[in-house]
Amino acid sequence: MHLSNAAIADALEELGDLYELDGAIVHRVLAYRTAAKTVREASVSVSALAGEGRATELAGIGKTLQEKIQALAQTGSIPAAERLRAQFPPGLVEITRLPGLGPKRARLLHSELGIDSPQALREAALAQRLRGVRGLGPKFEASVLVALEEMEARPAGSHGARVLLPRAIEIGEVLASGLRELGGADTYVQLAGSARRQADSVKDIDLVAASTRPLELAESVARLEEIERVSSAGTAGAKARTHSGIGVDLRIAAPGQLGNLLQHFTGSGAHNATLREAAVRRGLHVSEYGILDDATQAVDECTSEREVYERLGLAYIEPELREDRGELQAAARPDGLPTLIELGDIRGDLHSHTIASDGHNTISEMAEAAREHGYEYLAITDHSASHGFGNDVSPEQLRRQIELVHEANAQIEGIELLAGSEVNVLPDGSLDYEDELLERLDWVVASVHTSFGMGEREMTARMIAAIEHPLVDAIGHPTGRLIGRREPYALDLDAVFAAAARTGTLLEINANPDRRDLSEINARAAVEAGVGLVIDSDAHRTATLANMRWGVATARRAWLTAADVANTRPLGELRK
DNA sequence: GCCGTTTTCGGCCCGACTGTTTTCAGTCG
């Protein structure tokens, strides 16, 4: 039976929730949650892996969890989950999602008052029955009602809304510069958290500041025009919310402890937990205030993050790598960490659109804009014959477009234009131009734009057919995901990577911030499988050529070096 | 539940905040 990684991850998360309600120790619950995350992010089929008894190769999955995954694959359910579900109704799990309510209180309410759903909780709170339970009082009752109201005020599905990285950085930078202005000359403010790590999306905006007048700075948050309300402000920082509903968390350190706080507040949580556990084994205790040495009882304060890592015997770790994906182990070895690719390493963009299809600028406008980015080359890759939406380019139009690209290339100095196309991969794996026409192009990107719902076997065959086509240079946005909106299509990525490595077909990291496809996890797996990558903006206008930075961010999160990415090469080398 | 240059058993980061309490439990990041 086929079982997607997402389905396994959901089942493990549910089991974690149930065990938590059942009173299991936190470490056991955490084991389920980290395993769920590992499974969700795995670039291979965990179900298949478990079938071969190899799921234990994944970090955080041992014999027990592998057996549970096997049971799920074979029978469609996990016996332990069946048993616990009978004990704890789904409404109780919902209650644990309310702020201020966790498993302990949910279980208490269930056993003491028979509360088994948010509705039942509301009724009990309104009847003032919660205050009768030991440890709960009137304030708790009131906060429960507020939490319930806020849950209902949210439109369905927007639970825990996240914003895409560009928006988070934009808001974060505006807030940071506003605070610098209000704080005066000696105020230092910078973005931390998942936005600093360049994650796909961000839940709330974390800011770190250093100031000698922390209370004043925290109170100035309320004066920022983007801020709707401030829920707390003290010498340690402030918590607030923007008018657009995004949480803002500001933490303030004394300048001498800025390195400690920045390291702490950049995270990720998993990175910090692993870092601190390793430190404890060496007799050191790391917090946002410093590093305590057991032996001397002295606390080391660090002005920079570099000092924090150095004090722990580690090489500096770039924020993009701080996800507990092996970076701490690598940082302990000499030259264990890669020299990450940078935006400045990119020499050209190999996926762009013009008014010939659904773009908004002409060939020369795109060419000039690309030259301003410092690129040596730009491929014009409009959509192909079957694209539809009124944006298709007929074979005849493509012949004309090739001439136009060549003409524009002759006219413009300082950049080389490649005549290309983003060709549709049809459901049967064939392309929608004749080979004779494709041969006339300098560069061919093949992408799937239709029939996303195909089964894994068919979709994988379709993709591999495109990869094996001798005239295809690269596959555009290989999994079709839209961050937070559309799941990747069903693909056996192991097989796809093997085909790409065998044929030398490049796979794209599409830099559109809604896509970032391949994802960091998949891009890293692709390179490990011997696949060459290319990072493209997929620009549809001159301004979005700048999207390249999001693709580079994904590449950095994938541990990639410039050597892993084809368009860091000069054109002559790329052509070979 | 996982995992091992202290361990195959006994550990498994660190601190802030809240609300309820007379010293702490639960929740959160």
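Lettering follows sequence order; numbering is per chain, from 1.
In this structure, A:H271 places its NE2 atom 16 Å from P of B:dC13, rounding to the nearest Å. Residue A:R97 contributes atom CZ, which lies 11 Å from atom P of B:dC28 at whole-angstrom precision. Going from atom CD1 of A:I95 over to atom C1' of B:dG26 covers 16 Å, rounded to whole Å. Between A:L30 atom CG and B:dG1 atom P there is a gap of 13 Å when expressed in whole angstrom units. With rounding to whole Å, A:F265 atom CZ is found 11 Å from B:dA16 atom C1'. Put simply, NZ on A:K63 is 15 Å from C1' on B:dC3, counting in whole angstrom units. As rounded to whole Å, 14 Å separates atom C1' of B:dC14 from atom CG of A:L312. Remark: C1' of B:dG19 and CG of A:L98 are 17 Å apart, rounded to the nearest angstrom.
Within 4.0 Å of A:I61, counting heavy atoms only, lie sugar-phosphate atoms of the nucleic acid but no base atom. At the heavy-atom level, A:L292 lies nowhere under 4.0 Å from the strands shown. Residue-level contact check: A:V286 touches the backbone only, with heavy atoms under 4.0 Å from sugar-phosphate atoms and none from bases. Counting any heavy atom pair closer than 4.0 Å across all strands shown, A:L136 reaches sugar-phosphate atoms only and no base atom. The residue A:R28 sits close to a base: some heavy atom pair falls under 4.0 Å. Among the heavy atoms of the strands, none lies under 4.0 Å from A:G269.
Comparing the same atom, P, in B:dG15 and in B:dC9 gives a spacing of 32 Å after rounding to whole Å. Spacing between B:dA16 and B:dG11 at atom C1', rounded to whole Å, works out to 25 Å. The gap from the C1' atom of B:dC13 to that of B:dT8 amounts to 24 Å, rounded to the nearest Å. Separation of the C1' atoms belonging to B:dG10 and B:dT6 is 12 Å when rounded to the nearest angstrom. On the C1' atoms, B:dA25 is 9 Å away from B:dT20, given to the nearest whole Å. Distance check on atom P: B:dC12 versus B:dT18 gives 28 Å, rounded to whole Å.
When distances are taken from the side chain of A:R276 to each of B:dC12, B:dG29, B:dC13, the shortest belongs to B:dC13. Checking B:dT20, B:dG26, B:dG1 against every side-chain atom of A:P138, the shortest atom distance belongs to B:dT20. For A:T64, taking side-chain heavy atoms from C-beta onward, the closest of the listed nucleotides B:dC28, B:dC2, B:dC13 is B:dC2.
Each of A:R524, A:R556, A:R557 was compared with A:E323 under the salt bridge (charged side-chain N to carboxylate O under 4.0 Å, His left out) criterion, and only A:R557 meets it.
Between A:E112 and A:R134 there is no salt bridge, since no side-chain N of the basic residue sits under 4.0 Å from a carboxylate O of the acidic one. The pair A:R196-A:E305 meets the salt-bridge criterion, since a charged nitrogen lies less than 4.0 angstrom from a carboxylate oxygen. Salt bridge A:E67/A:K63: present, at least one basic N to carboxylate O contact under 4.0 Å.
When all heavy atoms are compared, the tightest approach of A:E226 to A:V174 is OE2-CG1, 3.2 Å.
Counting heavy-atom neighbours within 6.0 Å of A:D335 CG, excluding the residue itself, gives a total of 12 or less.
Both A:E141 and A:K68 lie close to DNA chain B; mapped to their nearest nucleotides by heavy-atom distance, the more 5′-ward contact belongs to A:K68. Toward the 5' end of DNA chain B, the nearer of the two residues A:Y19 and A:T274, judged by each one's closest nucleotide, is A:Y19.
Note on A:Y289: every side-chain N or O is 4.0 Å or more away from OP1 and OP2 of B:dC13. OP1 or OP2 of B:dC14 sits under 4.0 Å from a side-chain N or O of A:H285.
Of all nucleotides present, none satisfies the Watson-Crick or G-U wobble test against B:dT8 with each distance under 3.5 Å.
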